S.K.: 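Below you'll find the structure I mean.
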Amino acid sequence: MHPPQLQTDPAWSPPEQDVHPAYQPVEVLLDGSGTWALGRINAWWHSPEGEPWCRLRLIGATAAPAWRRYDPERILLLPTHGI
């Protein structure tokens, strides 16, 4: 479930003091297409209910980063160093 503010304002952000900066490469399953795209998580936040949310930007996209509930089935974390 989306925080109430995010349901009405897609540009909503949680309070900065609750946001944890990050640099996490990811692959994102695009809605309805079955296609995966590269992206980057640049912040994490946990809702009052404990759900993890991430501020996500797709590589090459012109849209600003957006907050999305973290779903490991749709957002795959990629290694940041050493394999």
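What you see is a predicted model, and the numbers here were worked out from it, not measured in a lab.
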S.K.: Can you name the closest pair of heavy atoms from A64 and R57 and give their distance?
M.R.: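 So the two residues come closest at CA-NH2, 4.3 Å.
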S.K.: Any side-chain heavy-atom pair from V26 and L56 closer than 4.5 angstrom?
M.R.: yes
S.K.: Would you say L78 and E27 make side-chain contact, with heavy atoms under 4.5 Å?
M.R.: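 Side-chain contact under 4.5 Å: yes.
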S.K.: Is it the case that the ring center of W45 lies less than 6.0 angstrom away from the ring center of W12?
M.R.: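 When the ring centroids of W12 and W45 are compared, they turn out to be within the sub-6.0 Å range.
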S.K.: Looking at side-chain heavy atoms only, is the closest gap between Y23 and I41 below 4.5 Å?
M.R.: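 Y23 vs I41: side chains apart.
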S.K.: Once you round to the nearest 0.5 Å, how far does OG1 of T80 lie from CD of Q24?
M.R.: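 The distance works out to 6.0 Å.
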S.K.: Does the side chain of W53 reach to within under 4.5 Å of the side chain of P14, using non-hydrogen atoms?
M.R.: no
S.K.: Could you state the interatomic distance from CZ (R55) to CG (N42), rounded to the nearest 0.5 Å?
M.R.: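 R55 atom CZ to N42 atom CG measures 4.5 Å (nearest 0.5 Å).
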S.K.: Might you confirm whether atom CD of E73 has over 12 heavy atoms from other residues, nucleotides or ligands at distances under 6.0 Å?
M.R.: no
S.K.: Can you name the closest pair of heavy atoms from Y70 and L77 and give their distance?
M.R.: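 For Y70 and L77, the tightest heavy-atom pair comes out as OH-CG, 3.6 Å.
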S.K.: Compare all side-chain heavy atoms of L58 with those of L30 and state whether any distance is below 4.5 angstrom.
M.R.: yes
S.K.: About how many Å separate NE2 of H46 and SG of C54, when rounded to the nearest 0.5 Å?
M.R.: 10.5 Å
S.K.: Mind checking whether W44 and I75 sit in one hydrophobic cluster, side chains of I, L, V, M, F, W, Y counted as touching below 4.5 Å?
M.R.: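 Both belong to a single hydrophobic cluster.
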S.K.: Give the minimum heavy-atom separation between P79 and P25, together with the two atoms involved.
M.R.: O-CG, 4.1 Å
